[in-house]
Amino acid sequence: MWDELNYRGLVHVSTDAGELKALLSGPPITFYCGFDPTAPSLHLGNLVQILVMRRLQLAGHKPLGLVGGSTGLIGDPRPSAERTLNTKETVAEWVGYLQGQVARFLSFEGDNAARMVNNLDWTAPLSAIDFLRDIGKYFRVGTMLKKDAVSARLNSDAGISYTEFSYQILQGMDFLELYRSYGCVLQTGGSDQWGNLTSGTDLIHRAEGVSVHAIGTPLITNSDGTKFGKSEGNAVWLDPALTSPYAFYQFWLNTDDADVIERLKIFTFLSRAELEVLERAVETEPFRREAQRTLAYEVTALVHGVPATDSAIAAAGALFGQGDLAALSSDTLGAAIAELPSFAVTRETTITDALLGTGLVASLSEARRAIAQGGVYLNNVKVADESVQVAGSLLAGGFAVLRRGKKTLAGLTAAE
RNA sequence: GGCGAGUUACCCAAGUGGCCAAAGGGAUCUGACUGUAAAUCAGACUGCUUCGCAUUCGGGGGUUCGAAUCCCUCACUCGCCA
């Protein structure tokens, strides 16, 4: 299992490699990974962690999925700036959403059934005095200041609040609590979390005199230097209400050749042999994008299920096909448009209104600019006049396809 | 608590009374080339009833014909001292 994680490039930093290798190939252990509710849904960065948990569970180990009801209230220090605190009600609501998302990837049956935990359960009852006496004594300020997350902020002109400075203690406490309650001996997380991971292993060492382990996965980056997990400048979410399965599939399909194999290793469960075949395909016939297609299919199916993935592919086929959109049946067209953001148009709706209504542009000015630049297409026909009404262009079933640029699509439907 | 420095568009960052809707870089968007790829080149990037008008340079108030630029005040951030 240890070798498998390394092959997939999932280990960036870790505690003693020899011990971890023995631990992971021995009898089942209990491990945990935490997710903080900073948004109503998890995103692709979190998916890496979820899949690591799934891999470890498939290898026989017992996962504890932690959603940070308390740490989410405090805020993990980001390198750039202080976080804005969310209300307790909001965080509590998000905890529920995240638990559901994490749970979908784990099995809650059998000998190594997963379990969901919330750190608010053991943090909330703790008084400030007990916290400072029982936990605070184990932490040295010098060590805490040296953590990357903290020192980066101290060196920036944003500074850091006492609240965020304390975050590492809370996360350390989680590991200790899970060690005591469930015998948890391994924590996984992003390598940017390394400081917080070791805060836990150090605490357990001091409090219990026991060595436990941590694995930090690499931060996923695009080879062209842009941020991974952003599409159209927006995050790619796991919640289908925030990122449709269609958009999700498209995101993966557009993966750079230089990144696709690495992505397959991290985000799919394909075997080594299958991966090698795809690697050759990228080299010899990249234009077929076989690796990208496989990646998009596998990940979308994993996250949204096979039926949703099939409709996303069918929709893409209909909308990107070279053929005439007018030749499609209203059923096919309607199903494809259902995957896109859409907008109901009336007789008076102009092309600029439609662009704004579908969210393809943020303002009327932007709509005009897009048209002037030749970047707007209605049913695959370039739009030149910003004042045309769109009702006349509706196809079978009262649908029309509005496109901005090469691949940003939206659907129009007839009102009433 | 005292003193000093700072707060400019998504991010970084110039600008210190009119030539500023505000240099430059990044990100983003569009076009060309392509494979719904990358790289490259070109254009765009506050809003609107778009040859013009309106609203921006932390908030509020003031000086001036005219302010991102000067003054007052409030908020926040950083640093030094206590």
Inset, instruction - Measure from the side chain of A:Asp256, starting at C-beta and using heavy atoms only, and say which of B:rG47, B:rG35, B:rA38 lies closest. - result: B:rA38
Inset, instruction - Please determine, for the side chain of A:Arg289, which listed nucleotide (B:rG47, B:rU36, B:rU49) has the closest atom? - result: B:rU36
Legend entry - Spacing of the P atoms in B:rG24 and B:rG43 (rounded, Å): 12 Å
Inset, instruction - Between B:rG47, B:rU30, B:rA37, spot the one nearest the side chain of A:Lys407, thanks. - result: B:rA37
Inset, instruction - Provide, to the nearest angstrom, the distance between the CZ atom belonging to A:Arg369 and the C1' atom belonging to B:rC29. - result: 9 Å
Legend entry - Same-atom distance (C1') from B:rU34 to B:rC41, integer angstrom: 14 Å
Inset, instruction - Look at A:Ser363 and B:rC48 and indicate whether a side-chain polar atom (N or O) is within less than 4.0 Å of OP1 or OP2. - result: yes
Legend entry - Atom-to-atom span, CG of A:Leu253 to P of B:rG35 - whole angstrom: 15 Å
Legend entry - B:rC48: pairing nucleotide in any strand, Watson-Crick or G-U under 3.5 angstrom: B:rG52
Inset, instruction - Check whether any side-chain N or O of A:Tyr377 sits under 4.0 Å from OP1 or OP2 of B:rU30, and answer yes or no. - result: no
Legend entry - Nearest-Å distance once atom P is located in both B:rG1 and B:rC10: 34 Å
Legend entry - B:rG31 base / A:Gln373 side chain donor-acceptor hit below 3.5 Å: no
Inset, instruction - Could you measure between the two C1' atoms, the one in B:rA67 and the one in B:rG18, and give it in whole Å? - result: 9 Å
Inset, instruction - Show your reasoning for whether salt bridge (charged side-chain N to carboxylate O under 4.0 Å, His left out) applies to A:Glu4 and A:Arg272. - result: CA-CA 9 Å; A:Glu4 171 74 5; A:Arg272 215 153 162 154; 5.1 Å; no
Inset, instruction - Applying salt bridge (charged side-chain N to carboxylate O under 4.0 Å, His left out), run through A:Glu366 and A:Arg404 and close with a yes or a no. - result: CA-CA 11 Å; A:Glu366 198 176 318; A:Arg404 183 187 184 194; 3.2 Å; yes
Inset, instruction - Any strand is fair game: report the nucleotide pairing with B:rA75 by Watson-Crick or G-U wobble, both distances under 3.5 Å, or none. - result: B:rU7
Legend entry - Atom pair distance, as rounded to whole Å: CG in A:Asp259 and P in B:rA39: 10 Å
Legend entry - Greater than 12 external heavy atoms within 6.0 Å of A:Arg104's CZ: yes
Inset, instruction - Quick one: label A:Ala258 by what it contacts on the DNA or RNA (base, sugar-phosphate, nothing), any heavy atom closer than 4.0 Å. - result: nothing
Inset, instruction - Provide the distance between the two C1' atoms, one in B:rG52 and one in B:rA21, to the nearest whole Å. - result: 14 Å
Inset, instruction - Can you tell me the distance, in whole Å, between the CG atom of A:Asp224 and the P atom of B:rA37? - result: 12 Å
Inset, instruction - Counting heavy atoms from C-beta on, name the nucleotide in B:rG35, B:rA38, B:rU30 closest to the side chain of A:Arg404. - result: B:rU30
Inset, instruction - Let me know, please, whether A:Ala362 or A:Glu386 comes out on the 5' side of the other along RNA chain B by nearest nucleotide. - result: A:Ala362
Legend entry - Whole-Å P distance, B:rA68 and B:rC51: 24 Å
Legend entry - Base partner of B:rA38, which must satisfy Watson-Crick or wobble distances under 3.5 Å: none
Legend entry - Steps toward salt bridge (charged side-chain N to carboxylate O under 4.0 Å, His left out) verdict (A:Arg280, A:Glu283): CA-CA 5 Å; A:Arg280 273 196 297 281; A:Glu283 279 165 22; over 6 Å; no
Legend entry - A:Gln250, nearest nucleotide to its side chain (from B:rC48, B:rC45, B:rU36): B:rU36
Inset, instruction - Determine the Euclidean distance between corresponding P atoms of B:rU64 and B:rG47; express it in Å to zero decimal places. - result: 35 Å
Inset, instruction - Please tell me if the side chains of A:Ile160 and A:Leu154 come closer than 4.5 Å, counting only heavy atoms from C-beta onward. - result: yes
Legend entry - Evaluation steps, salt bridge (charged side-chain N to carboxylate O under 4.0 Å, His left out), between A:Glu164 and A:Arg153: CA-CA 10 Å; A:Glu164 291 193 3; A:Arg153 284 279 292 280; 3.0 Å; yes
Legend entry - Spacing of A:Arg368 atom CZ relative to B:rU30 atom P, expressed in whole Å: 19 Å
Legend entry - Paired nucleotide for B:rU16 [Watson-Crick or G-U wobble; both distances under 3.5 Å]: none
Inset, instruction - Would you jot down, in residue-number order, the residues of residues 337-345 of chain A having a non-hydrogen atom under 4.0 Å from RNA chain B? - result: none
Legend entry - Who pairs with B:rA23 - Watson-Crick or G-U, where each distance is under 3.5 Å: none
Legend entry - Integer angstrom distance from the P of B:rU55 to that of B:rA44: 26 Å
Inset, instruction - For A:Leu154 and for A:Glu366, locate the closest nucleotide of RNA chain B by heavy-atom distance; then report the residue assigned to the nucleotide nearer the 5' terminus. - result: A:Glu366
Inset, instruction - Output the distance between atom CZ (A:Phe35) and atom CE (A:Met116), rounded to the nearest 0.5 Å. - result: 8.0 Å
Inset, instruction - Can you establish whether the number of heavy atoms outside A:Asp148 located under 6.0 Å from its atom CG is more than 12? - result: no
Inset, instruction - Find the distance A:Arg403:CZ to B:rU30:P and express it as a whole number of Å. - result: 10 Å
Legend entry - Under-4.0 Å salt bridge between A:Glu285 and A:Arg288: yes
Inset, instruction - Calculate the interatomic distance between A:Leu356 atom CG and B:rC48 atom P; express it in whole Å. - result: 8 Å
Inset, instruction - Provide the Watson-Crick or G-U wobble partner of B:rG1, both distances under 3.5 Å; none if there is no partner. - result: B:rC81
Legend entry - N-O pairing of A:Lys21 and A:Asp3 below 4.0 Å: yes
Inset, instruction - Using whole Å, report how far CG of A:Asn254 lies from C1' of B:rA38. - result: 12 Å
Inset, instruction - Look through every strand shown and name the nucleotide pairing with B:rC70 as Watson-Crick or G-U wobble, where both distances are under 3.5 Å. - result: B:rG62
Inset, instruction - Would you kindly check whether a donor in the side chain of A:Ser365 faces an acceptor in the base of B:rU50, or vice versa, at under 3.5 angstrom? - result: yes
Inset, instruction - State whether the distance check finds a donor on one side and an acceptor on the other, under 3.5 Å, for side chain A:Lys406 versus base B:rU34. - result: yes
